[in-house]
Amino acid sequence: MKTTSTAQAAARTEKGTTGRRRRPVVAVPTAVLGLLLLLLPAATGCVGVQGDDSQGKKKRPNVLMVMTDDQWLESMRALSKTRKLLGDEGVTFDRFHPSSPLCCTSRSTYLSGQFAHNNGVRHNSVPQGGYDKLNEKKTLPVWMQKAGYATSHIGKYPNGYGKKDPKHVPPGWDEWRGSVDPTTYRMWGYQLNENGKLHTYGKSDEEDPKLYQTDVYRDKGVDFIKRKAEGDKPFFLSLAFLAPHGELLKDKDGKPGKKGKPRNKGKAGKKAGSDDHPKSGRASRPAVGPAPRPVVGPAPRPAPRHKGKFANEELPENPAYNESDMRDKPRFLQKRPNLDSQTTEEITESYRGRMESLLAVDEAVEKLMNTLKSTGQLDNTYVVFTSDNGFFFGEHRVPTGKFLPHGASGQVPLVVRGPGIEAGQHSKELTSNVDLAATISDIGGADPDLALDGRSLLPYGRDPRKSSDRPVLQEIAEGARRTPVAAPGHGRPRAGGPPNDDVSAGRAAGAGDLDMDGPASPALEPRGKKKRKPPRGQEYSAAYEAIRAGHYLYIRYSAGGRELYDLESDPHELTSRHNDPGYKKVRTFLDQRLDKLQGCVGEECREEIPQVPDPE
């Protein structure tokens with residue numbers, strides 16, 4: 001893709017926004033021009049036009065990108081201010097899916113506009129991923145900066161940022177306030193690299209209300225908007241909150257590990273004390289013998305003002321919770337134990353705390369929107385709100401984590417408000433986080449210097465009735481490489497297949513680690529024993545590639561497992577149709593289309609496909 005000048009990019013943006021080409025500039029003699037300037041105030045009755053710069057051109061739209069961490073779709077009900085200010089005034093994309101439902105991979109896709117198999121970031125940490133795998137010189141902030149935007153990032157960046165060099169400032173950011181790992185995962189006691197200088201905010205064991213992480217990020221964002229509102233440049237502000245992701249604190253012995261504080265169990269304590277799922281009334285099968293009990297990742301600490309706001313909240317009714325019949329699932333899911341009463345109680349407490357942590361995010365959105373309004377920037381700003389991935393709360397017996405493409409972790413919120421977007425609309429188009437970089441580049445008239453796998457969502461935001469037949473690819477670990485995934489043998493990898501380091505990621509997930517946060521990763525804990533690491537050499541891998549097309553989700557695992565869901569008749573993914581003779585044509589069709597997405601680059605990834613055949 002050729003790079004054009006900033007002026008050309010700006011002209012193209014103006015054309016896309018107004019629907020008209022700018023007329024060519026006509027030379028005017030100096031004397032005539034001077035006379036016209038003298039007469040202009042009298043003729044118009046004003047001195048200037050508000051919102052225009054000194055050259056008479058309308059300032060290009062600003063972009064405010066707000067990203068949460070591990071926020072599942074259902075949790076949007078807690079963000080009443082966000083829904084009112086963004087959803088009611090913009091467009092909600094009802095079918096938005098992260099291409100890789102894992103923090104680092106998802107954020108790297110957002111920044112690069114490429115799938116994991118192209119940008120090389122296929123996991124949270126080395127050797128498959130981590131921040132250092134991302135080519136930071138070919139990312140969205142670099143493109144926006146070259147297009148003439150004042151750029152700023154505040155908060156979390158792809159996992160591993162700052163571990164090698166805490167003072168490193170990634171290219172493309174005029175103002176940098178990135179959280180340094182591993183302190184990123186502390187609501188107090190976190191460290192920010194602020195334009196090359198390190199600052200620590202509070203202590204991890206002292207809950208100072210003035211230094212709560214979400215509020216500090218919010219105020220830094222407000223300050224940036226106020227300072228840039230009067231400038232000549234449009235701005236691009238990327239604001240990444242940790243909530244509702246769990247914290248990574250130190251145990252009493254000083255070793256890293258997640259920990260939570262006792263919470264008021266409220267009414268749900270009684271429900272969690274039985275073996276029935278709250279609300280559903282369906283009995284869980286009792287655990288038999290020494291079956292390991294899963295560990296639930298605790299919630300982050302909410303802002304002190306929000307403690308107890310969801311103390312009596314029950315888990316939402318979901319038929320997939322503690323799914324009773326798992327015979328249609330791949331073996332690594334079949335092996336997961338039933339969720340007993342203690343686990344249900346822990347899941348409920350984690351759910352409540354994570355919901356409470358989102359209340360500060362909701363208030364932050366309100367303050368940011370009020371700042372845009374008070375500075376006169378609201379009508380000329382696109383606001384994007386989304387999350388990197390979702391989260392499991394007992395669906396399909398997965399008590400905690402992400403990684404898998406199922407709806408719990410593989411579908412997240414996306415709300416967009418801005419010029420030309422009609423208020424209160426919903427788009428049913430299949431969309432993905434691989435589209436975010438293309439969308440923001442389109443807004444800013446930026447020119448990416450690599451082939452983007454995604455596409456701009458502006459046409460679908462401006463006309464929510466618009467639709468296409470482009471499928472959505474989801475992948476993890478081995479990912480959708482040129483060679484389709486298949487059951488790996490022992491020893492050396494097959495020719496053209498994924499390297500051994502890829503397989504290790506899937507093995508860890510198959511062993512129960514679906515959180516993938518290093519030392520904080522929940523593993524299976526035998527009853528009466530200390531937590532142990534997942535066994536090495538786990539045979540059943542959870543690494544996969546998946547395709548969403550029409551109302552279907554089809555998953556292929558590297559260990560050979562398959563899942564096929566008809567989401568129109570089975571939105572909770574209770575019955576996989578991969579072995580159903582009536583869905584043979586559907587599976588064959590999706591198999592072939594998934595093969596074509598193997599190793600796709602750029603336009604290949606965006607191609608529309610024929611309609612999925614109906615089951616027989």
Side-chain angles (χ1 to χ4, degrees), residues 1-25 49 51-66 90-91 109-114 136-153 170-175 224-225 228-238 372 376-384 386 416-421 431 433-463 466 602-603 606:
M1 186 177 295
K2 295 183 179 179
T3 302
T4 62
S5 67
T6 301
Q8 289 173 318
R12 184 172 63 254
T13 302
E14 290 178 1
K15 176 186 175 184
T17 302
T18 64
R20 301 188 298 272
R21 291 185 179 272
R22 296 179 58 200
R23 295 185 179 182
V25 177
V49 179
D52 286 6
D53 61 22
S54 59
Q55 297 180 357
K57 295 185 298 183
K58 184 178 180 180
K59 189 176 179 180
R60 281 177 291 160
N62 308 306
V63 181
L64 169 58
M65 175 71 178
V66 178
V91 59
T109 291
Y110 150 58
L111 290 167
S112 67
Q114 291 189 323
E136 61 180 13
K137 295 180 180 179
K138 292 182 179 294
T139 53
L140 179 61
V142 175
W143 309 326
M144 294 294 280
Q145 188 182 62
K146 288 181 179 179
Y149 274 71
T151 60
S152 174
H153 176 80
W173 299 110
D174 296 316
E175 295 190 17
F224 177 81
I225 293 172
K228 299 302 176 181
E230 300 301 325
D232 295 333
K233 288 184 175 183
F235 62 78
F236 167 43
L237 172 58
S238 172
L372 288 172
Q377 300 299 308
L378 182 58
D379 291 339
N380 196 40
T381 300
Y382 284 93
V383 183
V384 182
T386 189
V416 182
R417 169 181 174 162
I421 295 180
T431 54
N433 65 340
V434 78
D435 299 323
L436 294 175
T439 302
I440 295 174
S441 294
D442 187 16
I443 292 171
D447 287 292
D449 56 357
L450 48 73
L452 298 186
D453 299 335
R455 63 183 181 183
S456 174
L457 298 182
L458 280 186
Y460 301 91
R462 290 171 176 159
D463 182 6
K466 182 179 176 63
E603 188 176 351
R606 304 191 298 268

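It should be emphasised that the depicted structure is a prediction, and the values quoted were computed from it without experimental measurement.
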Item checked: Side chain proximity check, Val416 to Ile421, heavy atoms < 4.5 angstrom -> yes
Notebook entry, point to check: Is the backbone N or O of Gln145 less than 3.5 Å from a side-chain atom of Asp174, with the two atoms forming a donor-acceptor pair by type?
Noted result: no
Notebook entry, point to check: What is the minimum heavy-atom distance between Lys228 and Lys59, and which atoms define it?
Noted result: O-NZ, 3.7 Å
Notebook entry, point to check: Out of Thr109, Leu450, Val434, which one pairs with Gln114 under the side-chain contact (heavy atoms from CB on, under 4.5 Å) rule?
Noted result: Leu450
Next item on the list: For residues Leu372 and Ile225, determine if any side-chain heavy atom of one lies less than 4.5 Å from a side-chain heavy atom of the other.
Entry: yes
Notebook entry, point to check: Do you know which two heavy atoms are closest between Lys137 and Asp449, and how far apart they sit?
Noted result: O-OD2, 4.4 Å
Next item on the list: May I ask you to test the Met65-Leu436 pair for a side-chain heavy-atom distance under 4.5 Å?
Entry: yes
Note to self: If we ignore hydrogens and angles and just use 3.5 Å, is the side chain of Asp453 paired with the main-chain N or O of Gly602 as donor and acceptor?
What the structure shows: yes
Next item on the list: Determine whether Leu458 and Ile443 make a side-chain contact, defined as any pair of heavy atoms from C-beta on separated by less than 4.5 Å.
Entry: yes
Notebook entry, point to check: Does the side chain of Trp143 pick up a donor-acceptor pair with the side chain of Asp447 at under 3.5 Å?
Noted result: no
Margin query: A side-chain contact here means heavy atoms from C-beta on lying under 4.5 Å apart; do Tyr110 and Ile440 qualify?
Written below: yes
Item checked: Identified ring-ring contact (aromatic ring centres under 6.0 Å, His included) partner of Phe236 from the options Trp173, Tyr382, Phe224 -> Trp173
Notebook entry, point to check: Is there a donor-acceptor pair under 3.5 Å between the side chain of Arg60 and the backbone N or O of Gly444?
Noted result: yes
Note to self: Do Leu111 and Pro141 have side chains that approach each other closer than 4.5 Å (heavy atoms only, starting at C-beta)?
What the structure shows: yes
Next item on the list: Over all heavy atoms of both residues, which pair between Gly445 and Ala147 is shortest? Give the atoms and the distance, please.
Entry: O-CB, 4.2 Å
Next item on the list: Ignoring hydrogens and angles, tell me if any N or O in the side chain of Ser112 forms a donor-acceptor pair with the backbone of Thr139 under 3.5 Å.
Entry: no
Item checked: Residue pair Thr439 / Asp435: nearest heavy atoms and the distance that separates them -> OG1-O, 2.8 Å
Notebook entry, point to check: With no hydrogens and no angle check, is any side-chain donor or acceptor of Asn62 less than 3.5 Å from a backbone partner on Phe235?
Noted result: yes
Check: Charged N to carboxylate O below 4.0 Å: is that the case for Arg455 and Glu603?
Finding: no
